[in-house]
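Read through the structure below, which is laid out as structure tokens, and then see the notes.
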There are 2 protein chains.
Amino acid sequence: MTLQLRVPRFSSSLNPEPVSALRIGIAGLGTVGSGVLRLLDQQRALLALRAGRPIEIVAVSARTRAKQRDFNLSSITWCDDPVSLASNPEVDVVVELIGGEDGPARLLVEKALHNGKSVVTANKALLARHGTALALLAEAKQVTLAYEASVCGGIPIVKGLREGLAANCISELHGILNGTCNYILTQMRDTGRGFDEVLSEAQALGYAESDPSFDIDGIDTAHKLAILTSLAFGSEVDLASVHIEGIRHIGALDIAYADELGYAIKLLGISRRLDDGIEQRVHPCMVPKYAAIAAADGVYNAIVAQGNFVEKVNFVGRGAGSGPTASAVVADLIDIARGCRVPTFGVPATELLKARPSPIEHRFGAYYLRLMVVDRPGVIADVAAVLRDQQVSLESVLQRLRAPGDNVPVVLTTHETHEARMTAAVEQIGALEAVVEAPRVIRIEQF
Amino acid sequence: MTLQLRVPRFSSSLNPEPVSALRIGIAGLGTVGSGVLRLLDQQRALLALRAGRPIEIVAVSARTRAKQRDFNLSSITWCDDPVSLASNPEVDVVVELIGGEDGPARLLVEKALHNGKSVVTANKALLARHGTALALLAEAKQVTLAYEASVCGGIPIVKGLREGLAANCISELHGILNGTCNYILTQMRDTGRGFDEVLSEAQALGYAESDPSFDIDGIDTAHKLAILTSLAFGSEVDLASVHIEGIRHIGALDIAYADELGYAIKLLGISRRLDDGIEQRVHPCMVPKYAAIAAADGVYNAIVAQGNFVEKVNFVGRGAGSGPTASAVVADLIDIARGCRVPTFGVPATELLKARPSPIEHRFGAYYLRLMVVDRPGVIADVAAVLRDQQVSLESVLQRLRAPGDNVPVVLTTHETHEARMTAAVEQIGALEAVVEAPRVIRIEQF
């Protein structure tokens with residue numbers, strides 16, 4: 001019964017005819033592009049077996065041709081204009097590693113799809129801004145738009161959601177989607193140091209950009225969340241509806257109090273399918289130390305998805321870096337080489353839902369509130385009265401230091417309440433004469 | 001540039017012609033089979049969008065037709081003989097949920113593949129025993145043999161390794177692959193109770209079989225490990241080379257000592273690509289409490305894979321149960337409906353390596369050793385002398401209780417050494433007159 005057929009080494013066993021190489025053109029030879037070149041060169045034979053055919057780089061484009069590089073590009077066509085790859089008849093698949101939501105990256109991707117070429121990209125900004133339109137274009141042209149590398153390169157989460165969990169209605173997902181923020185928060189916890197000091201160190205080590213706002217203000221996380229939301233819920237990519245807060249306002253004191261209360265502080269992207277629409281939010285959260293999501297520290301990323309049949313699944317891995325991102329790009333190329341084509345966001349782009357966004361004001365959950373107050377009798381009573389008037393119920397109050405007449409921190413946690421009530425309460429509390437700094441609020445999530 | 005094409009609802013957007021339903025025949029209507037029926041019924045419309053076509057059950061087979069079931073089978077052909085599904089011209093894909101490494105399950109799968117039908121199975125024993133032969137058959141016939149449900153149903157690990165990490169050389173993987181064992185070990189830790197008591201409770205709760213040996217003796221874990229090893233390393237499935245130990249000898253005392261030493265005890269499947277071949281082993285391990293793998297408790301499973309580009313990736317989810325396993329079966333059906341076909345074990349079956357097994361005697365690592373000894377002077381000196389003679393270096397010795405003349409436990413941990421040396425030392429230690437019980441040995445893994 002078991003047939004021992006030998007097939008020629010570089011023909012697909014799924015197709016008895018020998019097949020030709022998959023010819024790719026790469027735009028962008030930075031960290032990720034270099035990683036892709038290294039990977040394709042280093043495990044050429046293994047990849048040909050897995051892809052059923054060799055993967056060959058036929059053309060590249062990057063900003064500077066003269067730059068010293070680790071690999072020999074002499075046999076590969078050099079293109080000064082990356083967009084020309086889209087019209088190159090030698091190129092089957094365009095790999096876009098330029099970055100940026102518009103400009104040459106967008107032009108290249110649109111033109112390549114329009115010309116019937118599949119595209120592999122690591123560009124989260126592009127997908128988050130133009131994902132629905134690009135998916136419509138790719139599917140109309142019957143080609144693939146693949147983007148595993150755009151979200152947590154080291155975690156095969158796009159494939160995991162789109163195919164691995166395809167049998168499920170996903171109700172919720174949450175993730176640590178930015179390694180820079182997770183590194184900073186982990187270092188703050190482990191060293192007790194403040195945000196600015198740890199950020200400077202992360203910049204010196206190359207873990208944070210010289211202009212870090214894209215990461216630490218939550219924008220990068222929002223891009224990734226918008227993509228994952230679309231995959232999970234079959235909805236149009238809707239970056240504009242993501243509520244975004246970063247980690248700049250997290251202090252060493254907050255990390256210490258969180259630890260004392262049994263929580264870790266993580267910058268999360270959360271999306272949920274609720275009765276009133278789809279909720280998407282990015283902000284620092286206090287999560288129980290024993291929650292699955294809290295297990296990812298340092299530069300690791302993690303994503304937890306909740307499906308109606310599979311229940312909870314947790315994926316953890318490196319979020320970025322040359323190797324992990326190259327791994328994701330090449331996995332997409334292997335799918336294309338094999339002829340595996342699935343809709344860009346799991347369901348046909350024409351069927352993506354135009355979902356109503358559920359605004360952050362509708363959030364229902366617990367809160368951590370840190371105040372800097374003048375240490376004198378009656379202050380906590382005033383704060384508690386404001387919360388009572390907003391029907392916010394206190395869970396705990398911590399005041400450790402005594403410094404009569406001076407400023408001391410007071411920490412409160414609430415039971416579950418509505419964001420709108422909390423926002424109103426915090427505004428009134430901030431206006432109290434004894435409250436000497438803007439109150440710090442961190443949402444508590446009990447996953 | 002963005003084309004707003006409307007396509008008919010149940011035609012694939014990837015193929016402008018309307019496509020016909022994928023017609024499946026299911027053999028076995030136990031826990032998993034019922035879950036598959038429920039899932040296909042409950043989210044019919046979503047699945048048709050994701051699969052590009054409806055998935056229709058046209059025939060079923062189970063042991064007892066008369067049994068009361070939650071779903072209406074009146075419109076579905078009933079087959080008394082499951083193997084007849086393999087010849088039914090109405091059936092495109094056979095779903096084998098009978099179980100067992102031989103008998104009707106094997107007959108059905110072989111015949112279906114032989115007849116050019118794709119097969120989806122949850123049968124780990126079948127794959128672990130006959131995986132290579134079945135893969136060769138499937139690929140010769142150009143059909144799919146899909147088995148996501150056979151390994152940790154709630155974790156899309158087959159897809160993760162075969163496609164998600166396809167660009168990597170995998171060097172090592174380790175996993176908690178059996179929910180029953182993980183539940184028992186977690187309960188022992190959380191309650192301080194002994195193995196037998198916790199096992200009885202697990203049986204009463206339905207978490208363990210009335211004959212639990214398949215789970216607690218590590219056989220189920222070995223089946224799953226053999227499949228994952230083949231996927232990870234592109235080698236023929238080699239169950240016979242898996243070193244297997246179960247958890248029967250783990251005592252409450254061991255759990256307590258592990259905790260004190262900073263470890264958790266987990267039954268792991270481990271496979272590694274070493275210089276002398278591929279190592280596959282199943283046995284209880286002490287792992288640092290902070291290791292990624294230690295995060296999965298209770299009935300959760302976890303798998304950590306190490307790739308040369310992606311580095312470490314950790315997948316955590318439910319290992320078994322009706323819903324998670326049905327989710328895996330239906331994900332495979334969606335792939336087949338879409339026409340996505342990849343080699344069974346990632347590379348063509350004809351190219352799978354006949355890898356040399358690296359025997360357990362070659363393991364190099366640390367050990368935990370628990371002895372029950374007569375509490376009198378000189379005993380630890382005798383034990384230490386044996387270890388010294390075998391060149392095994394001690395890391396720590398714990399003796400808490402004092403009971404002169406009576407029996408007390410002594411716990412030792414070693415530095416890294418060779419398994420063969422440790423085995424020789426333990427044999428000599430067990431023969432010492434003051435050692436009154438067989439020594440308990442647990443391997444320590446620093447992941």
Side-chain angles (χ1 to χ4, degrees), chain A residues 1-7 9 13-14 35 39 43 46-47 49-50 110 114 133 136-137 139-140 142 154-156 159-160 163-169 234 292 295 307 309-318 323-324 326-327 330-331 334-335 338 340-343 346-351, chain B residues 1-7 12-14 35 39 43 46-47 49-50 110 114 133 136-137 139-140 142 154-156 159-160 163-169 234 292 295 307 309-318 323-324 326-327 330-331 334-335 338 340-343 346-351:
Chain A
M1 198 70 149
T2 60
L3 310 178
Q4 288 273 357
L5 290 188
R6 295 300 297 189
V7 293
R9 197 167 171 86
S13 72
L14 306 176
L39 201 169
Q43 32 220 43
L46 175 70
L47 295 179
L49 277 179
R50 293 208 173 136
E110 285 184 341
H114 192 75
L136 284 163
L137 176 59
E139 293 171 31
Q142 299 187 44
I155 306 175
K159 185 172 278 284
E163 302 165 37
L165 306 185
N168 292 269
C169 283
F309 277 78
V310 78
E311 303 182 32
K312 266 190 191 152
V313 190
N314 186 13
F315 303 79
V316 186
R318 297 185 83 90
S327 165
V330 176
I334 292 172
D335 276 352
R338 281 169 175 156
C340 282
R341 195 142 49 80
V342 298
V347 301
T350 50
E351 302 289 336
Chain B
M1 199 70 146
T2 60
L3 310 178
Q4 287 273 356
L5 290 188
R6 296 299 297 187
V7 293
S12 164
S13 73
L14 308 177
L39 201 168
Q43 31 220 45
L46 175 69
L47 295 179
L49 276 180
R50 292 210 174 134
E110 285 184 342
H114 191 76
L136 284 163
L137 176 58
E139 292 170 31
Q142 300 187 45
I155 307 175
K159 186 172 277 284
E163 301 164 38
L165 306 186
N168 292 268
C169 284
F309 277 79
V310 78
E311 303 181 33
K312 268 191 190 149
V313 190
N314 186 14
F315 302 79
V316 186
R318 296 185 85 87
S327 164
V330 176
I334 292 171
D335 276 352
R338 280 169 175 158
C340 283
R341 194 141 48 79
V342 298
V347 301
T350 51
E351 301 290 336

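Lettering follows sequence order; numbering is per chain, from 1. Please read these numbers as outputs of a predicted model, since none were measured by experiment.
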Could you have a look at B:Pro156, B:Ala167, B:Gly323, B:Gly154 and say which one has the most heavy-atom pairs with chain A under 4.5 angstrom?
-> B:Ala167

Per-residue tally against chain A (heavy atom, under 4.5 Å) across B:Ala326, B:Ala292, B:Cys169 peaks at B:Cys169

Pairing residues for B:Arg50 by the salt bridge (Lys or Arg N to Asp or Glu O under 4.0 Å) criterion, not counting sequence neighbours | none

Minimum heavy-atom separation for B:Pro348 to A:Leu49, with atom names?
-> CD-O, 3.4 Å

Minimal non-hydrogen separation, B:Phe309 against A:Ser327, with atom names | CB-CB, 4.2 Å

Heavy-atom distances under 4.5 Å only: say whether B:Gln43 touches chain A with side chain, backbone, both or neither.
-> side chain

Tell me, for B:Leu39 versus chain A, whether the close heavy atoms (under 4.5 Å) come from the side chain, the backbone, both or neither.
-> both

Atom CG in A:Leu46, atom CG in B:Asn168: separation rounded to 0.5 Å?
-> 9.0 Å

Return the set of residues passing side chain to side chain contact (heavy atoms under 4.5 Å, CB included) with A:Ala331 (not counting sequence neighbours), or none when no residue passes.
-> none

If you count heavy-atom pairs under 4.5 Å between each of A:Gly317, A:Ala295, A:Pro324 and chain B, which one has the most?
-> A:Pro324

Can you find a heavy atom in the side chain of B:Pro343 that is under 4.5 Å from one in the side chain of A:Arg338?
-> yes

